[in-house]
Each structure stands twice: as structure tokens, then as C-alpha cells.
Amino acid sequence: MGNLLRAYRALINAAWALAVTYRVQVVLYMISFVFPLVMLAVWLTVEEQTGPIGGFDRTAFISYYVAAAVVFRFTNRSPLYRWDQDIRTGDLSILLLKPLDPFHSYFTSILGRQLFDLIVVLPLFVIVTLLLPSVTYPLTPALVLAFMCSMIIAVGLSTLIGSAFGMLSFWTTQSRHFANFWQGIGQFLSGFVVPLALLPAGLRGAARFLPFRSMVSLPIEILMGRLGWDDIGFGLAVGMGWALIVTLIYRILWRRGL
């Protein structure tokens, strides 16, 4: 375990150095995630004409989509493209010569870039929260802890799903297309496009048991204080359950593909 921790520290430092080197590219990539703010403008227009919708008033919509922009930024990192490229080009062979499973190299690369994002995004999020009275999050120490746990699960689940799809590159050159199709469904059922509370009852109920909610909506709902502790526990359990399932799928595909 000590060797693994030292390796993680070195790999994260390397990823951090890479993110700092190409910081302009990273900042531009962050600015590109304006879709939640576009959806915010749409829902504010609707709310202005019809009044509160599904328990969401103007303040709730603003708080939700500001949080969505931040949460999605951290949970949308996926090692799929590196898996796909390294498998197709043969660069995976270089990683196989190292004592660590290639998964650790890809995962620490994500963590290093997210560390850079955190230093840039968190101050902006705090400033927006302080300057806009419409943005409110009734946080308590317990909710902050639950939010952090949900984000850890979200990042881990996103990484594992990306890795599982990356394994398809052993057999097909279309793994990115399969992943994009999955992501398209996920953006709708995760709460990224529309808050899950505004979906029809059937879809809303199904979303509670699917992995997508764990990667976007659940952390936001916790942050906004819209869930009771039973719902928070259920959501965290669903996310951890899917993480175990996807891990099993990933490892089976990895061994067969390798």
C-alpha cells in the first residue's frame, strides 16, 4: 500500500505539471462547459411565464444550474479516449512494462487535472455564491461530508465506466461511438440537462436506480439540501453498487482483451 501511495503521489504530480504547462488549454476547456447556463436561461424564461415548476422557483433554478456547471466539470472526466488511443496504437505496451496497472496511470492523470481545476473553479464558485443572493446552498457539516462522498463516488464511477468502454477497443474501433451514445442518454437521465424532479414520474423513478444520477444530480441535490438522509443513503448506496458492477465488467473485459 505504501508503494502504491508513493506511486500515486508521483503520478498526480506529473499530471499536475502537465495541466499547469497547458493551463490555457485547460481554462478554455472549462469555459466551453456553458451548456448548463444555457439551460438556466431557458428555464428562467419558462418560470417567469408560468411560475414555479415542480418545486423549482427562480432561486432554485439558478442554484441548481450553477452547481451543475461545477459538478459536471469534475465528473465528466473519462479515460476512455486514452484507453482507445493507447490500445489502437500499441502504446499500451509501454504501460504494461510498468509495475502498476495502466488504470492507475489514467486515473491519476484525471486526478492531477482535477486538482488544477479545483484551484481555478472553487474560488469562482465561492465568489458567485457570495455575489448572487439567488444562489443559496443550506450547507451543514453533515451535508458537506455527504456531498464530498457523493463526488468521490461520482468521479470513481465516471472513471470506471470510461475504462469499461475503453476495453471495447480491444475488439472494435467504434468504442467512442458506443460511449457517446451512452453519454447522450446519461446527460438526460443524470439531471445535467433537466432536473430529475421535472421529469415524468416513470423516468424519475427509473433514474433513481441507474448510474447516471450518481454522477450529476445526486451531488447537486445534496448540495441544495433537497434530500432527506434516507434518500441520501439510498443514492450513495446505488452509486457504490454500480461502481462495484462496473468494476467487475471492466476487469473481465480487461483480462479477456489483454
Side-chain angles (χ1 to χ4, degrees), residues 26 28-47 53-56 60-84 110 113-114 117 121 125 147 150-166 168 174-224 226-227 235-236 238-243 245-246 249-250:
V26 174
L28 290 176
Y29 181 65
M30 291 167 52
I31 294 175
S32 67
F33 282 96
V34 298
F35 185 75
L37 304 182
V38 174
M39 292 304 302
L40 171 60
V42 172
W43 282 111
L44 288 181
T45 302
V46 174
E47 192 275 340
I53 307 168
F56 276 76
F61 276 122
I62 295 176
S63 300
Y64 184 91
Y65 280 106
V66 168
V70 176
V71 169
F72 187 74
R73 178 72 191 98
F74 286 96
T75 61
N76 191 47
R77 292 280 192 181
S78 172
L80 164 66
Y81 298 103
R82 284 198 59 190
W83 276 115
D84 178 65
I110 291 174
R113 290 180 178 274
Q114 286 180 333
D117 293 349
V121 172
F125 180 70
F147 173 75
S150 69
M151 287 296 292
I152 292 173
I153 292 173
V155 172
L157 186 55
S158 176
T159 303
L160 289 167
I161 290 175
S163 296
F165 274 106
L168 298 179
Q174 305 301 316
S175 61
R176 297 190 184 193
H177 298 297
F178 289 119
N180 288 337
F181 177 74
W182 170 272
Q183 187 178 27
I185 298 174
Q187 288 188 355
F188 183 72
L189 292 177
S190 67
F192 176 64
V193 177
V194 180
L196 295 183
L198 305 184
L199 294 179
L203 286 177
R204 188 168 62 248
R208 283 170 50 85
F209 296 92
L210 296 175
F212 309 115
R213 180 191 180 215
S214 299
M215 293 184 285
V216 179
S217 181
L218 181 63
I220 299 172
E221 293 176 65
I222 294 175
L223 190 64
M224 295 180 64
R226 298 180 66 89
L227 298 178
L236 294 177
V238 169
M240 289 187 291
W242 275 107
I245 292 173
V246 177
I249 295 173
Y250 155 66

Counting only pairs under 3.5 Å, give me each side-chain donor-acceptor contact of residues 154-165, with atom names and distances, residues two or more places apart or in other chains.
{"from": "Ser158", "atom 1": "OG", "to": "Thr75", "atom 2": "O", "distance (Å)": "2.8"}
{"from": "Ser158", "atom 1": "OG", "to": "Arg77", "atom 2": "O", "distance (Å)": "3.0"}
{"from": "Thr159", "atom 1": "OG1", "to": "Val155", "atom 2": "O", "distance (Å)": "2.8"}
{"from": "Ser163", "atom 1": "OG", "to": "Trp83", "atom 2": "NE1", "distance (Å)": "3.1"}
{"from": "Ser163", "atom 1": "OG", "to": "Thr159", "atom 2": "O", "distance (Å)": "3.0"}

(message) Taking the side chain as everything from C-beta on, heavy atoms only, tell me whether Phe192 gets closer than 4.5 Å to Val71.
(response) no
(request) Could you list all the salt bridge (Lys or Arg N to Asp or Glu O under 4.0 Å) pairs where at least one residue sits in residues 174-190, not counting sequence neighbours? (result) Asp84-Arg176
(request) Sequence neighbours left out, what passes side chain to side chain contact (heavy atoms under 4.5 Å, CB included) with Ile153? Give chain and number order. (result) Leu236, Met240
Donor-acceptor pairs under 3.5 Å, side chain of residues 202-213 to any protein atom, not counting sequence neighbours: which ones?
{"from": "Arg204", "atom 1": "NH1", "to": "Leu199", "atom 2": "O", "distance (Å)": "2.5"}
{"from": "Arg213", "atom 1": "NE", "to": "Glu221", "atom 2": "OE2", "distance (Å)": "3.4"}

(request) Give the minimum heavy-atom separation between Val193 and Tyr65, together with the two atoms involved. (result) O-OH, 2.8 Å
(message) Please give me the minimum heavy-atom distance between Ile222 and Phe147, naming the atom from each residue.
(response) CG2-N, 3.7 Å
(message) Let me confirm one number: the CG-OG1 distance from Leu40 to Thr45, rounded to the nearest 0.5 Å.
(response) 9.0 Å
(request) Identify the two heavy atoms, one from Ile220 and one from Ala68, that lie closest to each other, and give their separation to 0.1 Å. (result) CD1-CA, 3.4 Å
(message) What's the separation between atom CD1 in Ile62 and atom CH2 in Trp43, rounded to the nearest 0.5 Å?
(response) 15.0 Å
(message) Which heavy atom of Ser190 sits nearest to which heavy atom of Leu196, and what is that distance?
(response) C-CD2, 4.2 Å
(message) Tell me the closest heavy-atom pair linking Ser217 and Gly191, and the distance in Å.
(response) CB-CA, 4.2 Å
(request) Looking only at non-hydrogen atoms, find the nearest pair between Leu218 and Ser214 and report the distance. (result) CB-CA, 4.2 Å
(request) Sequence neighbours left out, what passes ring-ring contact (aromatic ring centres under 6.0 Å, His included) with Tyr64? Give chain and number order. (result) Phe56
(request) Just jot down the side chain to side chain contact (heavy atoms under 4.5 Å, CB included) partners of Gln174, sequence neighbours excluded, or say none. (result) Thr172, His177, Phe178
